[in-house]
Amino acid sequence: MTSTRLAVPVTPAPVPRLSLAVAALVGLLSMAAGLATGHLVGGFISPTASPFLAVGGSAIDLTPLWLKDFAVRTFGSDDKVVLLSGMAVVIGLAGVVAGLLSRRSRTPGLVLILVLGVVAGIAVLCRPTAGPLDVLAPLAALLAGAGVFATLHRLGRLSRQPAAGGATEVSRRRLLVGSAAVAAGAAVAATGGQLLTGRGAVEASRQTLGRIVPTVPAPPIPRGADFAADGSPSFITPNRDFYRVDVNLVLPQLRAEDWRLRIHGMVDREVTLTWSDLTSRSLVERPVTMTCVSNELGGPYISTSHFTGVLLADILHEVGVRRGADQVFTTSVDGWTCGTPTATLTDPGRQAMLVIGMNREPLPIEHGFPVRMLVPGLYGFVSGTKWITDMELTTFDARRAYWLQRGWGQRAPIKTMSRIDSPRPFARVSPDTPITGVAWAQTRGIESVEVRLDHGEWRPAELSTEVNVDTWRMFRLRGRWAPGAHVVEVRATDRTGYTQTVDRVAPIPDGASGWDSARFTVL
Ligand SMILES: Nc1nc2c(c(=O)[nH]1)N[C@H]1C(S)=C(S)[C@@H](COP(=O)(O)O)O[C@H]1N2
Ligand SMILES: [Mo]
């Protein structure tokens, strides 16, 4: 069919559409502006008021166990950086989508921004430590995001409007300048927020404490407590190398002078302890090896420090624990919770502590400044509450702690384990390279360690001098190994006579087991 239109139908003036690139940019920049503003305002109020960090914190709390396990296995201690980067990418993409949906009208983008703002507000207000003022941060984020979106959207459309003379040129330039200004402003605000959530005031409080001097110092570490010269870890881990595991994207900032620990629940006399209450008591120093339940076979989450603190058995004796209170339920200042068997803490032989010092320094902030709990022989998640502020005597039936709610075990004594440290996996070494590593069985002590090469006979390894049963012990096997490829395996026996079995068990729910092994080549 051929028909020729003779008359052009009357159409309304075309609505200028944003180009794809400008639409995406407008969306992206409004997200950046919102996040950065929220982070900055949060910096003034409280770190967990920052919508970005609050959403990250909620993500950590809601992450299913298998995914968390995968993240830790894949990214190790970078898992938090990976989480935050991933979130930034997702939020950026949401901004791009908001922009692309709004090439004609700004309404869809504004609606999406409103929804995200509300979600961020909910995340902030649901943090365990949220206060009413915190809502200002997501509110500021929402206003900044929506404001930038509306403004840049208008400039974008003006720059497309067919206009007389150089008006379009002018609008284009204004769009460009506006975008650059928003990008720069967001960068400044984000950096400012980051500095404010940093460790300024609390690090100062920590510095003024000087050294932590115990009333009852630990005996000196004997010679021969490690084989560090041959590749084992050093017996005492320097504070900066001590492993760190927690659910925190931001470190709680609690000054020693503001610290309080309320001990209550099934007790005869409720008390609230202050920093000076602790430091005026007898301060006991002991080397103890801490271990994380999520440590894989051969993993790095084990370290040893000289811990100084107050014995918990004494404090619990003073408050008078009521019959039936089988759980000590502790909470950190940011709401993380932990359940420990009462009997373990009241046992004077166990020497569980409220710790204030590590290697004679005040606790580093990431290790729980100003006060944390330490229980030799229990994995950290059921015993090691950092930034501790509340201790409730209760029952295991009445309250379920953070990790118990997420599939980890309720009672978790540290398993007898060993790890090969040298040769490193796939190392190429000389024939006389010693095989070294560590074994641990806190509260029981290590009786012997055996090593075998290429599935041959088990050979007893030399053990380092024992410091106490709550610390690790190094092993070493010397020899001349034949040239070629080898596999080395290790197993430890504790003082109860238990020998590690070959069965490989994953960390969930109460700790990994199995023989660590390493392949290496003799040149
Ligand atoms: N407040 C708080 N305390 C915590 C945790 C945490 O996430 N929050 N993690 C626990 C776990 S799982 C371990 S293994 C130890 C680790 O202590 P570290 O980081 O000082 O080595 O802290 C414990 N205490
Ligand atoms: Mo842990």
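Counting starts at 1 for both ligands and their atoms, following the listed order.
A side-chain contact (heavy atoms from CB on, under 4.5 Å) with S332 is found for one member of N248, T389, T385, D390 and no other, namely T385. Put simply, the residue from V321, D326, L345, D268 that forms a side-chain contact (heavy atoms from CB on, under 4.5 Å) with L393 is V321.
A cation-pi arrangement is absent between R240 and F242 under the rule of less than 6.0 angstrom and at most 45 degrees off the ring axis.
Taking 4.0 Å as the cut-off between side-chain N and carboxylate O, E361 and R211 do not count as a salt-bridged pair. R419 has no carboxylate O lying under 4.0 Å from a charged side-chain N of D516, or vice versa, which leaves the two without a salt bridge.
For atom 16 (C) of ligand 1, the closest heavy atom belonging to the protein is V245 O, 3.6 Å. Nearest protein heavy-atom contact of atom 19 (O) of ligand 1 is K386 NZ, 2.5 Å.
Using a 4.5 Å heavy-atom threshold, the side chains of M266 and E392 count as separate. Contact of the W336 side chain with the T331 side chain is not registered, since no non-hydrogen atoms from C-beta on lie closer than 4.5 Å. Contact annotation: the side chain of R281 approaches that of D314 to within less than 4.5 Å [non-hydrogen atoms, C-beta and beyond].
Proximity to C292 (heavy-atom distance under 4.0 Å) selects the following atoms of ligand 1: 14 (S). Within the listing of ligand 1, atoms 1 (N) sit less than 4.0 angstrom from a heavy atom of S332. Residue contact check: F381 has heavy atoms under 4.0 Å from atoms 11 (C), 12 (S) of ligand 1.
Ligand 1 has a nitrogen or oxygen under 3.5 angstrom from a nitrogen or oxygen of H367. Residue V247 places at least one N or O, backbone or side chain, under 3.5 Å from an N or O of ligand 1.
Contact annotation: for W336 versus ligand 1, heavy atoms closer than 4.0 Å belong to the side chain alone. Counting heavy atoms closer than 4.0 Å to ligand 1, residue Y379 contributes nothing at all. Contacts between F242 and ligand 1, counted as non-hydrogen atom pairs separated by less than 4.0 Å, involve the side chain only.
Counting only distance, with no hydrogens or angles, the side chain of S232 and the backbone of F227 share a donor-acceptor pair below 3.5 Å.
Heavy-atom separations between R372 and ligand 1 include at least one value shorter than 4.0 Å.
In this comparison of S303, C338, G384, A412, the heavy atom closest to atom 23 (C) of ligand 1 sits on G384. When the options Y243, W403, W387 are ranked by their closest heavy atom to atom 21 (O) of ligand 1, first place goes to Y243.
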